[in-house]
Amino acid sequence: MGTGDIYEPEYVAALFDRCSSSYRWWSAVASFGMIRRWRKVCVNSLPAETNAKGEFVDLMAGTGEVWPHLTHRFPDLREIRAIDISKRMHEEAVKQLHANRSNRISHVKANVLEVDLVKHSADCVVSTFGLKTFNTEQQARIAVQVSRILKPGGTFSFIEASDPKSWMLRPLYRFYMDYCLPLVERLVLKGAQDFSMIGAYTLNFESCNEFADALAAEGLEVNFYKDFFGCATGVYGVKPTVASAQSL
Ligand SMILES: C[S@@+](CC[C@H](N)C(=O)[O-])C[C@H]1O[C@@H](n2cnc3c(N)ncnc32)[C@H](O)[C@@H]1O
């Protein structure tokens, strides 16, 4: 398979369909628990002006792992609209709904690159570990979506596993991602090589830098950060109101 094919939405959806039943525990174990910390970092990065009682959109929501962090920080949020292309990841998410959250979560099974989400309908857009399976051109299209669906004054935060280019221990990290994880996966998951793709996606993705530029090109105020030597990077910010944009 050529490298271009791994960014085809149908290919990605099928990959996550296959991963869905073990996604939660595998991602927690393979990241030594860091993934949970990083989701919290993503939610805590949301600017203070986030409308705590508003409409939240979770892009590439998967099994809904970020929802407990969202409802913890914003107990009065009105709704979380969860968008994901994988039917099975949706089904796993539905299984996970807790009684006190289910009435506030709606699911949309859709390709984020094409779905016609209502303009200016979201107070806040979040996404955890959903960017790496998109190439640069696709990331630019997601930036257009984010800018379109956010209300003026709305906020956003994204985090993604990244390639820690300047970290002294990067060779060790790459050895773990490129050799150890695929080996463990083949042994534990009976020859499967689905999660091993994460290494390739992360290597190609590099960091949230390009996505930050794409969001800025859409007129959003963007902040970029690195966490744990660049093993994760994130972006957060605000869609300016007309008044604040004019005063720039
Ligand atoms: C690595 S998982 C992240 C899930 C979750 N946000 C988390 O923190 O664990 C990436 C998710 O992105 C979804 N996805 C990939 N491409 C998509 C697309 N084009 N449109 C919508 N969802 C997509 C996959 O189905 C998968 O559930």
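In terms of modelled atom types and a separation under 3.5 Å, the side chain of Q145 and the main chain of V115 share a donor-acceptor contact. No donor-acceptor pair closer than 3.5 Å links the side chain of D163 to the backbone N or O of L203. The main-chain N or O of D5 is never found under 3.5 Å from a side-chain atom of E8 such that the two would form a donor-acceptor pair. The closest donor-acceptor contact from the side chain of E160 to the backbone of L131 lies under 3.5 Å. Between the S20 side chain and the D17 main chain, a donor and an acceptor come within less than 3.5 Å of each other. For E221 (side chain) and G237 (main-chain N/O), no donor-acceptor pair under 3.5 Å exists by modelled atom type. Proximity of a side-chain donor or acceptor of K239 to a complementary backbone N or O of S147 within less than 3.5 Å is detected. For the pair R73 (side chain) and V43 (backbone), a donor-acceptor distance under 3.5 Å is present. A donor-acceptor pair under 3.5 Å is formed between the side chain of S45 and the backbone N or O of V41. E218 contributes no side-chain N or O that, together with a main-chain N or O of V146, makes up a donor-acceptor pair within less than 3.5 Å.
If you look at F32 and Y176, their ring centroids are closer than 6.0 Å. Between Y201 and Y7, the distance from one ring center to the other falls under 6.0 angstrom. Centroid-to-centroid, the aromatic rings of F175 and Y179 come within less than 6.0 Å.
Scanning all heavy atoms of the two residues, the minimum distance from S162 to F205 falls at OG-CE2, 4.1 Å. Residues A82 and H90 approach most closely at O-CE1, 3.8 Å, considering heavy atoms. Summarising the geometry of M197 relative to Y11, their closest heavy-atom pair is CE-OH, 3.8 Å, with the distance given to 0.1 Å. Here the closest heavy-atom approach between residue S27 and residue S31 is recorded as O-OG, 2.8 Å. Residues L113 and P9 share a closest heavy-atom pair of CD1-CG, 4.4 Å. Looking at every heavy atom in both residues, E65 comes nearest to T63 through OE2-OG1, 2.7 Å.
Taking the six-membered ring where the residue is Trp, Y225 and Y236 present tilted rings, their angle falling between 30° and 60°. Classified by interplanar angle (parallel below 30°, tilted 30° to 60°, perpendicular above 60°), the ring pair F129/W38 is tilted. Between W167 and F229, the ring planes are parallel. Angles under 30° get that label, and only those over 60° would be called perpendicular.
Hydrophobic clustering keeps F158 apart from I35 (ILVMFWY residues linked when any side-chain heavy atoms are closer than 4.5 Å, directly or through intermediates). Residues L169 and M177 share a hydrophobic cluster, clusters being chains of Ile/Leu/Val/Met/Phe/Trp/Tyr side chains in contact below 4.5 Å. A continuous path of hydrophobic side-chain contacts links F211 to M60 [ILVMFWY only; heavy atoms under 4.5 Å].
Donor-acceptor pairing under 3.5 Å is recorded for the side chains of S121 and R81. Side-chain contact check for S106 and E79: at least one donor-acceptor pair (N or O, by modelled atom type) lies under 3.5 Å.
Side-chain contact between L46 and F74: present, with at least one pair of heavy atoms (C-beta onward) separated by less than 4.5 Å. Inter-residue side-chain proximity for I198 and L181 is flagged as unmet; no heavy-atom pair is nearer than 4.5 Å.
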Exercise for the section: Test T202 against Y173 for side chain to side chain contact (heavy atoms under 4.5 Å, CB included), laying out the working first. Expected result: CA-CA 12 Å; T202 308; Y173 172 84; 4.3 Å; yes
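The local environment of CZ in R24 is crowded, with over 12 non-hydrogen atoms from other residues, nucleotides or ligands closer than 6.0 Å. Around the NZ atom of K151, the shell of radius 6.0 Å holds more than 12 heavy atoms that belong to other residues, nucleotides or ligands.
Between K95 and E91 there is no salt bridge, since no side-chain N of the basic residue sits under 4.0 Å from a carboxylate O of the acidic one.
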